[in-house]
Participant: 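What follows is a structure written as structure tokens; I'll ask about it next.
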Amino acid sequence: MSTVGLVLGAGGVVGQAYHAGVLAALEHDCGWDPRTADVVVGTSAGSITGTLLRVGVPASELAAWVVQAPLSDEGMVLQDMLGSEIPVFEPFRVLPILRRLPDPPGREMLQRAVIRPWSFRPMAAALALLAPGRFDIAEQLGMLREVEGKSWPEKDLWICAVRRRDGRRVVFGRPGSPAAPLHLAIAASCAVPGYFAPVTIDEHTYVDGGAHSPTNAAILREKALDLVIVVSPMSGPANLPTDLYSLSRGHAARVARREARALRDSGTAVIVFRPGRAELQAMGNDFMARDRVDQIVQESFLGAGSYAAQPEMRALLTHFGLQRRP
């Protein structure tokens, strides 16, 4: 039997809607249940979607909840964990965040830059040092209160965050990583730098794992899986950027391609789902907006189904047992 990894990238509210549409298409059109993935890697919004899969929520029910469709008995856990509506967030605006003075780098971060320059990521360090945001993520995400006290799922769930002290990525849930309560790991992974306040776990503070990588797919090289499916909501076209949003989407796309290449070089097949023109138009530039989530789910469902139906993708999915045979 093939071993499959599922990578769910960052992207805020619109990213979670994109996850829902893509995963529902894989479930509906291909006949593959994302809950059966051998390991799930979640970053920011992906940590929420990944946790919901691991507690037993089908992809189709996640999509139904996003578009406010009736839920089955199997999907009612969503109502318990997330409530009946998507939370309302303040608009995400990049420039006001960048205008605030960042924190100065600490000794650990400077030491890492000098001693291990090959592993130091200046962008991750810069994002980690942004002035703390004014919103408490625990107050914004009711799901965290429902998850509090629950143990980690039995099947692998790896949640990515960035430690502010040194800008290093930490993968909660992975063997050898620091222990953390599940709800705090999710909160840390979702703590968008400059927007949410950092999350404290033991004596360290953490911010969104997307500061290191919007997908963090390459960490699955050590698992030697047969196939990895990457869902990258923040990816965009490689055109000349016209604003900060297109710049960030171009960066996310380059990182996803680089990580996919690293996985392929290690012998793992990779399929990457990224937004096309219709999905990007629906998603807009406010990652926290909820006013078009139903359109995002619809467009991502159609786009992912069309992509999976391409002969090369269909052959790959069929080879690894994820596609219904005609």
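Throughout, numbering of the chain's residues begins at 1 and tracks the sequence.
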Participant: Nearest heavy-atom pair of Ala45 and Gly12: which atoms, and what distance?
Facilitator: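 Smallest heavy-atom distance, with atoms named: CB-O, 3.4 Å.
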Participant: Under 6.0 Å between ring centres, would you say that holds for Phe172 and Tyr206?
Facilitator: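 Centroid separation for Phe172 and Tyr206: below 6.0 Å.
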Participant: Might you point out which heavy atoms bring Ala269 and Leu316 nearest each other, and give the distance in Å?
Facilitator: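 For Ala269 and Leu316, the tightest heavy-atom pair comes out as CB-CD1, 4.3 Å.
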Participant: Out of Asp208, Thr215, Thr43, which one pairs with Cys160 under the side-chain contact (heavy atoms from CB on, under 4.5 Å) rule?
Facilitator: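 Testing each of Asp208, Thr215, Thr43 against Cys160, the sole residue satisfying side-chain contact (heavy atoms from CB on, under 4.5 Å) is Thr43.
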Participant: Is there a donor-acceptor contact under 3.5 Å from the side chain of Ser44 to the main chain of Ala10?
Facilitator: no
Participant: When you measure from the side chain of Arg54 to the backbone N and O of Arg35, does any donor-acceptor pair fall under 3.5 Å?
Facilitator: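 Indeed, once roles are kept as given, a pair shorter than 3.5 Å links the two residues.
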Participant: With rounding to the nearest 0.5 Å, note down the distance linking CG in Leu317 to CD in Gln310.
Facilitator: 11.0 Å
Participant: Taking Glu27 for the side chain and Ser60 for the main chain, is one N or O donor matched with an acceptor at less than 3.5 Å?
Facilitator: yes
Participant: Could you tell me the separation between the SG atom of Cys190 and the CD1 atom of Ile48, rounded to the nearest 0.5 Å?
Facilitator: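 Between Cys190 SG and Ile48 CD1, I get 4.0 Å after rounding to 0.5 Å.
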Participant: Say you draw a straight line from OG of Ser177 to CD1 of Ile159; how long is it, rounded to the nearest 0.5 Å?
Facilitator: 11.5 Å
Participant: side-chain hydrogen bond (donor to acceptor under 3.5 Å, both in side chains): which pairs involve residues 217-227, sequence neighbours left out?
Facilitator: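 Only Thr3-Asp226, Asp156-Lys223, Arg174-Glu222 qualify under side-chain hydrogen bond (donor to acceptor under 3.5 Å, both in side chains).
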Participant: Keeping His19 on the side-chain end and Gly9 on the backbone end, is there a donor-acceptor pair under 3.5 Å?
Facilitator: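 Checking the backbone N and O of Gly9 against the side chain of His19, a donor-acceptor pair under 3.5 Å is found.
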Participant: If you count the non-hydrogen atoms of other residues, nucleotides and ligands that lie under 6.0 Å from CD in Glu154, is the total more than 12?
Facilitator: no
Participant: Are Leu220 and Val40 joined in one hydrophobic group, where the rule is that I, L, V, M, F, W and Y side chains link up if heavy atoms are under 4.5 Å apart?
Facilitator: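 As far as the 4.5 Å side-chain criterion goes, Val40 and Leu220 are not connected within one cluster.
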Participant: For residues Glu279 and Ser300, is any side-chain donor paired with an opposing acceptor at under 3.5 Å?
Facilitator: no
Participant: I need the minimum non-hydrogen distance between Leu62 and Ala20, along with the two atoms involved.
Facilitator: CG-CB, 4.0 Å
Participant: Are the side chains of Leu184 and Leu144 in contact, using a 4.5 Å heavy-atom criterion?
Facilitator: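 Not in contact.
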Participant: Do Leu182 and Leu157 come close enough that some side-chain heavy atom pair is under 4.5 Å?
Facilitator: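 Side-chain contact under 4.5 Å: yes.
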Participant: Does Arg261 have any side chain to side chain contact (heavy atoms under 4.5 Å, CB included) partners at least two apart in sequence or in another chain, and if so, which?
Facilitator: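 Side chain to side chain contact (heavy atoms under 4.5 Å, CB included) check on Arg261 returns Arg258, Asp265.
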Participant: Please determine whether residues Ile201 and Ile137 belong to a single hydrophobic cluster, defined as Ile, Leu, Val, Met, Phe, Trp and Tyr linked transitively by side-chain heavy-atom distances below 4.5 Å.
Facilitator: yes
Participant: Is it the case that one hydrophobic cluster holds both Leu302 and Ile271, taking links as side-chain heavy atoms less than 4.5 Å apart, direct or via other members?
Facilitator: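 No, Leu302 and Ile271 fall in different hydrophobic clusters.
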Participant: State, with a plain yes or no, whether a side-chain heavy atom of Phe301 is found less than 4.5 Å away from one of His28.
Facilitator: yes
Participant: Indicate yes or no for a side-chain donor-acceptor contact from Asp38 to the backbone of Gly5 under 3.5 Å, with no hydrogens or angles considered.
Facilitator: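 Here the side-chain-to-backbone pair does not exist.
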Participant: Before giving the answer on side-chain contact (heavy atoms from CB on, under 4.5 Å), spell out for Arg249 and Ser235 the whole-Å C-alpha distance, their side-chain angles and the decisive distance to 0.1 Å.
Facilitator: CA-CA 5 Å; Arg249 287 195 175 280; Ser235 288; over 6 Å; no
Participant: Looking at CZ of Phe273 and OG of Ser232, how far apart are the two atoms once the value is rounded to the nearest 0.5 Å?
Facilitator: 12.0 Å
Participant: Hey, does the side chain of Tyr18 reach the backbone of Val13 with a donor-acceptor pair shorter than 3.5 angstrom?
Facilitator: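 Between the backbone of Val13 and the side chain of Tyr18 there is no qualifying donor-acceptor contact (under 3.5 Å).
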Participant: Determine, stepwise, if the pair Leu227 / Leu322 fulfils side-chain contact (heavy atoms from CB on, under 4.5 Å).
Facilitator: CA-CA 10 Å; Leu227 174 67; Leu322 274 66; 3.8 Å; yes
Participant: Once you round to the nearest 0.5 Å, how far does CD of Glu299 lie from CD of Gln281?
Facilitator: 8.0 Å
Participant: Consider side-chain contact (heavy atoms from CB on, under 4.5 Å). Of Ile229, Val41, Thr49, which one does Leu8 pass it with?
Facilitator: Thr49
Participant: With a 4.5 Å cut-off on side-chain heavy-atom distances among I, L, V, M, F, W and Y, is there a chain of contacts connecting Tyr307 to Val270?
Facilitator: no
Participant: Give a yes or no answer on whether the side chain of Glu259 reaches the backbone of Asn216 with a donor-acceptor pair at less than 3.5 Å.
Facilitator: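 Confirmed, Glu259 side chain pairs with Asn216 backbone.
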Participant: Test side-chain contact (heavy atoms from CB on, under 4.5 Å) on Arg274 and Arg257 and set out the steps.
Facilitator: CA-CA 11 Å; Arg274 57 177 64 87; Arg257 285 195 298 270; 4.0 Å; yes
Participant: Is the closest side-chain heavy-atom distance between Arg165 and His204 below 4.5 Å?
Facilitator: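 Side-chain contact under 4.5 Å: yes.
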Participant: Answer with yes or no whether the hydrophobic clustering places Val66 together with Ile186; edges join I, L, V, M, F, W, Y residues whose side-chain heavy atoms lie under 4.5 Å apart.
Facilitator: yes
Participant: Within the side chain of Trp158, is there an N or O that forms a donor-acceptor pair under 3.5 Å with the backbone of Pro175?
Facilitator: no
Participant: Check Ala224 against Thr268 and note the closest heavy-atom contact, atom names and distance.
Facilitator: C-OG1, 4.3 Å
Participant: Are the side chains of Gln16 and Leu52 in touch, meaning some heavy atoms are under 4.5 Å apart?
Facilitator: yes
Participant: Answer yes or no: is there a side-chain heavy-atom contact under 4.5 Å between Thr318 and Arg314?
Facilitator: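 Thr318 vs Arg314: side chains touch.
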Participant: Nearest heavy-atom pair of Ala24 and Ala63: which atoms, and what distance?
Facilitator: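 The pair with the smallest heavy-atom distance is CB-CB, 4.0 Å.
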Participant: For the side chain of Ser306 and the backbone of Gly303, is there at least one donor-acceptor N/O pair under 3.5 Å apart?
Facilitator: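 Side chain of Ser306 to backbone of Gly303, a donor-acceptor pair under 3.5 Å: no, none is there.
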Participant: Just verifying a value: how many Å separate Arg292 CZ and Met283 CE, rounded to the nearest 0.5 Å?
Facilitator: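 Answer rounded to 0.5 Å: 10.0 Å.
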Participant: Just do the side-chain contact (heavy atoms from CB on, under 4.5 Å) check on Ile219 and Val7 with the steps written out, would you?
Facilitator: CA-CA 10 Å; Ile219 63 175; Val7 175; over 6 Å; no
Participant: At their closest point, which heavy atom of Ile296 faces which heavy atom of Ala17, and how far apart are they?
Facilitator: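 Heavy atoms of Ile296 and Ala17 come nearest at CG2-CB, 3.8 Å.
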Participant: Could you check whether any side-chain N or O of Lys155 sits under 3.5 Å from a backbone N or O of Thr36, counting only pairs where one atom can act as donor and the other as acceptor?
Facilitator: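 Yes, Lys155 side chain to Thr36 backbone: donor-acceptor pair under 3.5 Å.
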Participant: Between Trp65 and Leu71, is there a side-chain heavy-atom distance shorter than 4.5 Å?
Facilitator: yes
Participant: So, do Val192 and Phe135 sit near enough that their side-chain heavy atoms are less than 4.5 Å apart?
Facilitator: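 No, their side chains stay 4.5 Å or more apart.
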